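Scroll down for the structure; my scribbles are underneath it.
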Amino acid sequence: MSKSLFITGGSGYIGSKIVEFAIADGYTVTALSRSEASDAKLRDLGASPVRGDLTTLDVLTREAAKADIVISIADSIAGDYGMSQEERGRINSAGMSALSEGLKGTNKLFINTGGSLLVAADPDGKETDESSPLWPDKQFDTGGERLAMSFQEKGIRVCSVRLAPYVYGRGGSGVLLFLSGAAKAGACTYVDEGAVRVTTVHVDDAARLYLLVAQKGRSGEAYNAVFENNVTQRQLSEAYAKVLDLPTRSIPYDAAESAMGKFIARFLSLENRASGAKARKELGWEPKAEKGILEEITTGSYVKVAENLRKSAA
Ligand SMILES: NC(=O)c1ccc[n+]([C@@H]2O[C@H](COP(=O)([O-])OP(=O)(O)OC[C@H]3O[C@@H](n4cnc5c(N)ncnc54)[C@H](OP(=O)(O)O)[C@@H]3O)[C@@H](O)[C@H]2O)c1
């Protein structure tokens, strides 16, 4: 009999790829959905939508209880980057706890979504891994991964996928947001020297990692979903500038925080050189991206996106 999977955030950029690949792998997928548009998207992918959100705790517990595996990827901050980290953490944690109530005592698998940005940059600029220390002042850490790992005490197996901050490809995600912002502002901004390096992963490769974790992940372990870790913020701005035919502009951190808010300013300022070696070695993950992020922006799926943005700005 096919395994059943319940996913939150399955209508989103990354979640919809997980749903697509899970169905291709033979899973029966049920997905949380907040709207008719998401219902339609999920049905088109072959999943069954269930109406609810991160605050409908009874729905989360009920659906988790019916599933063999739960993937938690919805994030209350998606689409509302002005939300405080406290509020974000409160909503996400309540939703995750409700999911865990449906799984407790079953030894079934809960897959959490974390981020490689949880880990502090190495002081010497070297790569970090899943065992490296976290930022002492928390930065983007709302405690979600620690909460998820604590579910093991309730008789649940738990793994965490730590996504690279730049999940890219198929013309979507953060790159789309930054291209749109640059088109509006008439310049492609980076903070200070733009020298901090970031990690990236193609959306299809990230989705495939979730499915490998579902098959072979070891409880208690986190796995970085990382392809590249040497691209600088300045190189990204230069790629946006090239494809949008706009200038680049450096701004100091304080000005970035006033103009873009704390979340985005920090996102553009933190070095993150996480390694994806553990997932490759332990799970046999093989990223298949044909282009790195810079090439994808200048010659791949973002070319059309930039062309449309240029047309609407003209
Ligand atoms: N994209 C990236 O580059 C990236 C990088 C690192 C980490 N992440 C993390 O990966 C996750 C998904 O990212 P994404 O790019 O796929 O985001 P996305 O395209 O914005 O999708 C977010 C998903 O979460 C759902 N959602 C948002 N708020 C919700 C709420 N309050 N209750 C229930 N569902 C809610 C959305 O539902 P609707 O369809 O109804 O809006 C959607 O399915 C997030 O945790 C994000 O922080 C993303």
Side-chain angles (χ1 to χ4, degrees), residues 6-20 29-45 47 49-57 59-60 63 71-81 83 85 87-96 98-99 111-119 139-142 144-145 148 160-179 198-207 209-210 222-228 231 236 263-264 266-268 270 272 274 276 293 296-297 302:
F6 177 59
I7 182 168
T8 67
S11 55
Y13 172 67
I14 305 164
S16 59
K17 272 286 150 198
I18 300 174
V19 170
E20 182 188 322
V29 179
T30 306
L32 192 68
S33 170
R34 297 193 293 176
S35 64
E36 281 180 20
S38 293
D39 290 352
K41 186 170 184 181
L42 289 161
R43 280 202 194 94
D44 282 352
L45 292 169
V50 171
R51 187 55 56 83
D53 62 29
L54 289 174
T55 67
T56 54
L57 305 182
V59 175
L60 296 174
E63 294 305 321
I71 297 182
S72 163
I73 185 165
D75 186 337
S76 54
I77 205 168
D80 180 9
Y81 294 106
M83 179 180 277
Q85 291 291 39
E87 179 72 347
R88 177 189 188 193
R90 195 186 58 72
I91 297 171
N92 292 351
S93 299
M96 288 165 63
L99 291 168
I111 304 181
N112 172 66
T113 298
S116 66
L117 265 176
L118 289 177
V119 163
Q139 300 287 349
F140 289 95
D141 188 357
T142 56
E145 188 175 279
S160 187
V161 174
R162 289 188 182 168
L163 291 170
Y166 282 92
V167 183
Y168 71 93
R170 301 187 178 276
S173 199
V175 173
L176 168 62
L177 291 181
F178 288 118
L179 283 172
V198 301
T199 53
T200 81
V201 67
H202 192 281
V203 62
D204 293 18
D205 290 324
L209 180 56
Y210 278 86
Y223 298 93
N224 286 335
V226 168
F227 177 48
E228 303 164 293
V231 175
L236 282 169
F263 184 89
I264 301 288
R266 276 192 199 166
F267 184 89
L268 294 175
L270 287 186
N272 183 239
I293 194 167
E296 186 72 25
I297 294 167
Y302 296 99

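Since this is a predicted model, take the numbers as computed values, not measurements. When a ligand or atom number is given, it counts from 1 through the structure's own listing order.
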| query | Counting each atom of ligand 1 from 1 as listed, which ones have a heavy atom of Ala78 under 4.0 Å away? | reply | 20 (O), 22 (C)
| request: Report the nearest protein non-hydrogen atom to atom 4 (C) of ligand 1: residue, atom name, distance rounded to 0.1 Å. | output: Val167 CG2, 3.7 Å
| message | I need the atoms of ligand 1 closer than 4.0 Å to a non-hydrogen atom of Asp53, numbered in the order shown. | response | 32 (N), 33 (C)
| If you count the atoms of ligand 1 from 1 in the order shown, which ones are under 4.0 Å from a heavy atom of Leu163? | 6 (C), 7 (C), 8 (N), 9 (C), 10 (O)
| Is ligand 1 less than 4.0 angstrom away from at least one heavy atom of Ile73? | yes
| Backbone, side chain, both or neither: what part of Pro165 comes under 4.0 angstrom of ligand 1, heavy atoms only? | backbone
| query | Do Val226 and Val201 come close enough that some side-chain heavy atom pair is under 4.5 Å? | reply | no
| field | Protein residue, atom and distance nearest to atom 32 (N) of ligand 1, heavy-atom basis | value | Leu54 N, 3.0 Å
| query | Any chance the side chains of Glu63 and Thr30 put a donor and an acceptor closer than 3.5 Å? | reply | no
| query | Side chain, backbone, both or neither: which part of Ser38 has a heavy atom under 4.0 Å from ligand 1? | reply | side chain
| Distance only, no hydrogens: is a donor on one side chain within 3.5 Å (strictly under) of an acceptor on the other, for Asn224 and Ser116? | no
| note | for atom 19 (O) of ligand 1, nearest protein heavy atom and its distance come out as Tyr13 N, 2.8 Å
| message | Walk me through whether Tyr210 and Ile73 qualify under side-chain contact (heavy atoms from CB on, under 4.5 Å). | response | CA-CA 10 Å; Tyr210 278 86; Ile73 185 165; 3.5 Å; yes
| request: Starting from atom 46 (C) of ligand 1, find the nearest protein heavy-atom neighbour and note its residue, name and distance. | output: Asp75 OD2, 4.1 Å
| task | Can you sort out which atoms of ligand 1 are near Ser11, meaning under 4.0 Å from one of its heavy atoms? | result | 37 (O), 38 (P), 39 (O), 42 (C), 43 (O)
| remark: If we number the atoms of ligand 1 from 1 as shown, the ones under 4.0 Å from a heavy atom of Gly12 are 16 (O), 19 (O), 21 (O), 42 (C), 43 (O)
| Do the side chain of Thr8 and the main chain of Ala74 share a donor and acceptor less than 3.5 angstrom apart? | yes
| field | Taking every non-hydrogen atom, the tightest pair across Leu42 and Pro49 | value | CD1-CB, 4.1 Å
| query | Taking Tyr302 for the side chain and Gly172 for the main chain, is one N or O donor matched with an acceptor at less than 3.5 Å? | reply | yes
| request: Identify the protein heavy atom lying closest to atom 1 (N) of ligand 1, giving its residue, its atom name and the separation to 0.1 Å. | output: Ser173 OG, 2.7 Å
| query | Which residue and non-hydrogen atom of the protein lie closest to atom 40 (O) of ligand 1, and at what distance in Å? | reply | Arg34 NE, 3.0 Å
| Should Arg266 and Leu117 be marked as a side-chain contact (heavy atoms from CB on, under 4.5 Å) after you check the CA-CA gap, both sets of side-chain angles, and the distance that decides it? | CA-CA 10 Å; Arg266 276 192 199 166; Leu117 265 176; over 6 Å; no
| task | Over 60° means perpendicular and under 30° means parallel, so classify the ring planes of Phe178 and Tyr166, tilted if in between. | result | tilted
| field | ligand 1-proximal atoms of Ala37, by part, heavy-atom distance under 4.0 Å | value | neither
| said: Looking only at protein heavy atoms, which one is nearest to atom 23 (C) of ligand 1, and what is the separation? | reply: Gly9 CA, 3.7 Å
| query | For atom 13 (O) of ligand 1, which candidate among Ile14, Thr199, Ile18, Thr8 holds the nearest heavy atom? | reply | Ile14
| said: Evaluate Arg88 against Asp75 for side-chain contact (heavy atoms from CB on, under 4.5 Å), listing each step before the verdict. | reply: CA-CA 8 Å; Arg88 177 189 188 193; Asp75 186 337; 2.5 Å; yes
| Interatomic spacing from OG1 in Thr56 to CG in Leu32 - rounded to 0.5 Å | 5.5 Å
| Proximal ligand 1 atoms for Ala164, defined as those under 4.0 Å from one of its heavy atoms | 5 (C), 6 (C)
